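Worksheet for the structure shown next.
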Protein chains: 2
Amino acid sequence: MSMRQAPTRALDATTAASQVYAALKRDLIRGRFVAGEKLAISHLRQTYAVGLSPLREALNRLAAYGLLAQENQRGFRVPALKRRELDDIAGLRQQFEVQALEAALRHGDAQWEAELLAAFHRLKRADEQPDALEHWEQMHLQFHRRLLEPCGSVWLLRFIEQLHDQFDRYRRMAPAHQDLRAQLDVQHAELVELALARGVAAARELIHAHIQLSYDVAKSACSE
Amino acid sequence: MSMRQAPTRALDATTAASQVYAALKRDLIRGRFVAGEKLAISHLRQTYAVGLSPLREALNRLAAYGLLAQENQRGFRVPALKRRELDDIAGLRQQFEVQALEAALRHGDAQWEAELLAAFHRLKRADEQPDALEHWEQMHLQFHRRLLEPCGSVWLLRFIEQLHDQFDRYRRMAPAHQDLRAQLDVQHAELVELALARGVAAARELIHAHIQLSYDVAKSACSE
DNA sequence: TATGCTGAAAAAATCGATTTTTACTATGAC
DNA sequence: GTCATAGTAAAAATCGATTTTTTCAGCATA
């Protein structure tokens with residue numbers, strides 16, 4: 001038998017804690033939980049079919065990331081959607097992404113251009129997938145990640161990602177958020193063009209406006 | 001007996017997980033662990049005298065915060081100190097804190113001035129405490145927190161705190177970091193003066209130079 | 001009616017045992 | 001000697017039971 005067995009470590013071998021983390025994070029951003037709601041741990045255990053330890057580890061990670069609020073001896077809560085906080089998040093996003101985009105246009109090479117085009121293509125074709133809605137969101141996130149990737153600052157990218165996740169929780173809770181997609185996709189095409197042409201000034205303007213567009217819709221998700 | 005019992009919920013009643021989190025965080029920033037070192041969980045259990053669950057929850061939080069690296073099925077590791085990353089962290093710190101300080105000078109009120117003076121006073125008197133070194137570090141952190149507090153952006157403050165913690169891990173690992181204190185303290189006094197006088201332009205310069213001073217020393221902590 | 005107390009039920013947090021995975025060492029084939 | 005493999009020790013991850021804390025309904029008191 002020279003036929004090799006499957007390698008000892010499967011490629012997707014990840015811990016239960018990481019899987020619950022990813023699933024919970026997705027559902028939180030998706031808006032599957034009511035803002036302000038208290039999480040019933042024993043209920044989550046059933047929903048996500050995991051034991052207590054990995055579940056609690058995932059909840060702790062999410063709290064440290066800012067997608068959950070942890071209260072002293074009384075568990076975890078989904079943060080409320082506050083207008084004040086949305087303003088804060090959107091403003092910083094605009095500032096950080098304008099800055100990162102400029103740096104990315106200055107540093108990005110041919111390899112980056114190719115990957116950006118690939119990401120854009122996948123975004124355009126997102127409707128054809130099953131569960132088109134969620135798939136578009138995935139591709140959208142990946143497109144923006146790719147766009148800023150060569151900016152040169154790992155920590156800036158980290159903060160941008162975190163703000164993006166926070167922001168999306170508001171945007172996707174807004175009633176009219178799906179009507180936005182067509183408009184956003186036009187801007188995505190323009191962003192790609194400007195990126196390839198290294199149109200720094202115009203790109204800065206556009207990414208700012210791009211965020212503003214979602215921001216204006218996201219406002220309607222806030223209670224206060 | 002009308003004498004009240006101690007209230008049911010003590011003021012410092014916090015979970016074991018939170019306590020280990022705080023202790024581990026302090027020790028990581030202090031440099032009690034070797035950079036790059038793999039953490040032996042069963043050993044930590046004894047050192048911090050806690051059970052497995054709260055310990056693992058603390059480790060997960062620290063990993064999400066960026067003070068630990070989590071590797072797929074092989075536990076937790078203390079991140080290495082890389083020159084590239086220090087440059088990234090220091091640069092963003094300068095940018096963010098300059099911005100936050102300007103906003104704080106514009107928005108801070110009389111109450112803030114009073115609290116800033118109080119924090120500065122505690123910092124000056126830090127030597128008189130037992131364990132003067134660690135106490136100065138505590139007061140130093142609190143002084144800078146207080147200084148930027150009224151800047152108006154909760155998320156910016158959050159990122160600044162995170163970068164500060166990262167930065168301090170480098171600074172406190174540097175051999176000569178203690179010789180810095182006298183120089184830093186001079187700048188702290190000047191920062192207070194400029195804050196009260198609302199000298200925006202000068203304050204921006206000074207906070208930038210303040211970070212630069214530590215940055216230059218912190219560089220010596222890096223391996224690569 | 002409002003306030004405070006009491007105790008049962010529910011929920012959160014913690015523990016130590018068990019299972020799973022990785023790391024390491026020794027052995028044997030080429 | 002190098003490489004692959006098997007077996008064993010160690011470590012990480014997970015589980016369900018136990019302990020601790022909170023919540024809340026019912027009752028008593030002013």
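Note that this is a predicted model, so its numbers are computed, not measured. Residue numbering restarts at 1 for every chain, and letters A, B, ... go by the order of the sequence lines.
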Legend entry - 5' priority, DNA chain D, between L52(A) and L52(B) [closest heavy atom]: L52(B)
Inset, instruction - Give a yes or no on whether a salt bridge exists between D127(B) and R181(B), defined as a side-chain N under 4.0 angstrom from a carboxylate O. - result: yes
Legend entry - Residue-phosphate contact under 4.0 Å: R45(B) side-chain N/O, dC15(C) OP1/OP2: no
Legend entry - Between dA10(C) (C1') and L39(A) (CG): distance, integer Å: 16 Å
Legend entry - Cationic tip of K219(B) above Y215(B) ring, under 6.0 Å, 45° of axis: yes
Legend entry - Check ion pair D88(A)-R84(A) (N to O, under 4.0 angstrom): no
Inset, instruction - Using whole Å, report how far CD of E71(B) lies from P of dT22(C). - result: 12 Å
Inset, instruction - Could you please name the option among dT14(C), dC15(D), dT21(D) that lies closest to any side-chain atom of Q73(A)? - result: dT21(D)
Inset, instruction - Quickly work out the N72(B) CG to dA13(D) P distance and round it to whole Å. - result: 8 Å
Legend entry - Short side-chain N/O contact from R74(A) to OP1 or OP2 of dT21(D), under 4.0 Å: no
Inset, instruction - Hey, which sits more toward the 5' end of DNA chain C by its nearest nucleotide, S53(B) or A40(A)? - result: A40(A)
Legend entry - Any K38(A) side-chain nitrogen or oxygen under 4.0 Å from OP1 or OP2 of dA11(C): no
Inset, instruction - Assign L59(B) to base, sugar-phosphate, or nothing according to its heavy-atom contacts below 4.0 angstrom with the strands shown. - result: nothing
Legend entry - Listed nucleotide nearest any side-chain atom of A17(B), set dC15(D), dA12(D), dT14(C): dT14(C)
Legend entry - Under the ring-ring contact (aromatic ring centres under 6.0 Å, His included) test, residues paired with W112(A) that sit two or more places apart: none
Inset, instruction - Rounded off to whole Å, could you give me the CD-to-P distance for the E57(B) and dC15(C) pair? - result: 11 Å
Inset, instruction - Provide, to the nearest angstrom, the distance between the CD atom belonging to Q46(B) and the P atom belonging to dA11(D). - result: 12 Å
Legend entry - Electrostatic pair E137(B)-R26(B), nearest N-O below 4.0 angstrom: no
Legend entry - Between P of dT20(C) and CZ of R56(B), the distance in whole Å: 16 Å
Inset, instruction - Round to a whole Å and report the spacing from CZ of R77(B) to C1' of dT22(C). - result: 13 Å
Inset, instruction - Could you tell me the separation between the CD1 atom of I41(B) and the P atom of dT20(C), rounded to a whole number of Å? - result: 19 Å
